[in-house]
Amino acid sequence: MSYVTIVVAAIVCLGVVTALLHFFSKGEDQPVAAPPSCATCDGTDSRCEQECMLEAAVKDIEYFDDEELDAFRGRPSDSYSDSEAEQFGEVLYTMRPEEVAAWSRSLTLRGINVPDQLKDELFMLLEK
């Protein structure tokens with residue numbers, strides 16, 4: 001074998017070893033993201049919302065000082081009068097923004113439909 005052949009073979013081997021090292025070490029330097037929790041679900045990830053709904057279904061229902069809304073269980077969302085919708089609004093507009101998603105899940109688990117009059121505001125708050 002000639003000297004040139006040996007040098008070329010060494011360079012090729014060095015390249016293969018470098019490529020293998022890079023391939024197997026890829027991702028070690030990057031931080032591992034924590035999986036989303038129900039506390040961090042913001043409504044943009046439907047899988048997160050679905051998992052949180054399943055999780056909430058096996059726990060006690062969380063109330064937001066809104067027990068009076070249980071009287072509306074099973075009512076269609078388009079059947080509320082404006083004064084009935086105001087009862088929902090009083091709860092919605094007095095809670096912290098981070099509580100809105102949990103309140104919406106609570107209503108769903110309790111079989112309570114949000115009045116059509118408030119759905120736009122609710123969805124807008126959920127998107128924040």
Side-chain angles (χ1 to χ4, degrees):
M1 257 210 260
S2 73
Y3 178 71
V4 175
T5 307
I6 294 173
V7 171
V8 170
I11 292 173
V12 169
C13 287
L14 182 60
V16 169
V17 169
T18 303
L20 287 173
L21 285 174
H22 177 70
F23 176 76
F24 287 114
S25 67
K26 195 173 188 175
E28 288 180 8
D29 295 337
Q30 301 194 9
V32 176
S37 72
C38 292
T40 60
C41 277
D42 60 3
T44 58
D45 183 359
S46 61
R47 183 172 180 209
C48 181
E49 288 295 316
Q50 189 176 33
E51 289 175 4
C52 289
M53 190 62 85
L54 290 172
E55 180 183 310
V58 296
K59 292 182 177 180
D60 291 334
I61 294 175
E62 183 178 6
Y63 283 83
F64 293 83
D65 196 22
D66 64 347
E67 292 81 3
E68 70 279 2
L69 300 180
D70 285 338
F72 300 113
R73 183 171 292 145
R75 288 268 301 269
S77 62
D78 62 355
S79 70
Y80 292 102
S81 69
D82 288 340
S83 63
E84 291 171 331
E86 282 181 29
Q87 292 179 41
F88 285 83
E90 288 173 11
V91 177
L92 177 63
Y93 298 131
T94 57
M95 65 178 44
R96 294 186 315 264
E98 62 270 12
E99 295 176 319
V100 175
W103 180 63
S104 180
R105 280 191 292 276
S106 171
L107 292 176
T108 301
L109 291 170
R110 291 157 51 193
I112 302 169
N113 293 308
V114 175
D116 285 348
Q117 296 95 315
L118 288 178
K119 283 186 178 179
D120 288 340
E121 287 93 327
L122 176 65
F123 293 137
M124 188 174 59
L125 290 170
L126 287 171
E127 289 177 359
K128 288 185 179 184

Going by the rule side-chain hydrogen bond (donor to acceptor under 3.5 Å, both in side chains), which residues pair with [X] if we only count those two or more places apart in sequence or in a different chain?
| X | answer |
| --- | --- |
| S77 | D116, K119 |
| D66 | W103, R110 |
| R75 | S79, E84 |
| D82 | Q117 |

- Task: Using side chain to side chain contact (heavy atoms under 4.5 Å, CB included) as the criterion, point out the one residue from I61, D70, L69 that pairs with L107.
- Result: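 Of the listed residues I61, D70, L69, the side chain to side chain contact (heavy atoms under 4.5 Å, CB included) partner of L107 is L69.
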- Query: V91 versus D65: any side-chain heavy-atom pair under 4.5 Å?
  - Reply: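 Side chain of V91 against side chain of D65, heavy atoms only: no contact under 4.5 Å found.
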*What pair of heavy atoms forms the shortest contact from G89 to L118, and how long is it?*
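Closest pair (atom of G89, atom of L118, distance): N-CD1, 3.3 Å.
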- Message: Holding to salt bridge (charged side-chain N to carboxylate O under 4.0 Å, His left out), I want the full list of residues that pass it with E99, two or more places apart in sequence or in another chain.
- Response: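 Residues passing salt bridge (charged side-chain N to carboxylate O under 4.0 Å, His left out) with E99: R96.
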*F88 and I112: side-chain contact (heavy atoms from CB on, under 4.5 Å), yes or no, with the steps?*
CA-CA 11 Å; F88 285 83; I112 302 169; 3.6 Å; yes
For the residue pair N113 and Y80, confirm or rule out a side-chain donor-acceptor distance under 3.5 Å.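 No, Y80 and N113 have no side-chain donor paired with an acceptor closer than 3.5 Å.
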**Prompt:** Measuring from S104:OG to L122:CG, what's the distance to the nearest 0.5 Å?
**Reply:**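 CG of L122 is found 5.0 Å from OG of S104.
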I'd like to check the side chain to side chain contact (heavy atoms under 4.5 Å, CB included) partners of E62; sequence neighbours left out, ordered by chain and number.
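E62: side chain to side chain contact (heavy atoms under 4.5 Å, CB included) contacts with F64, A102.
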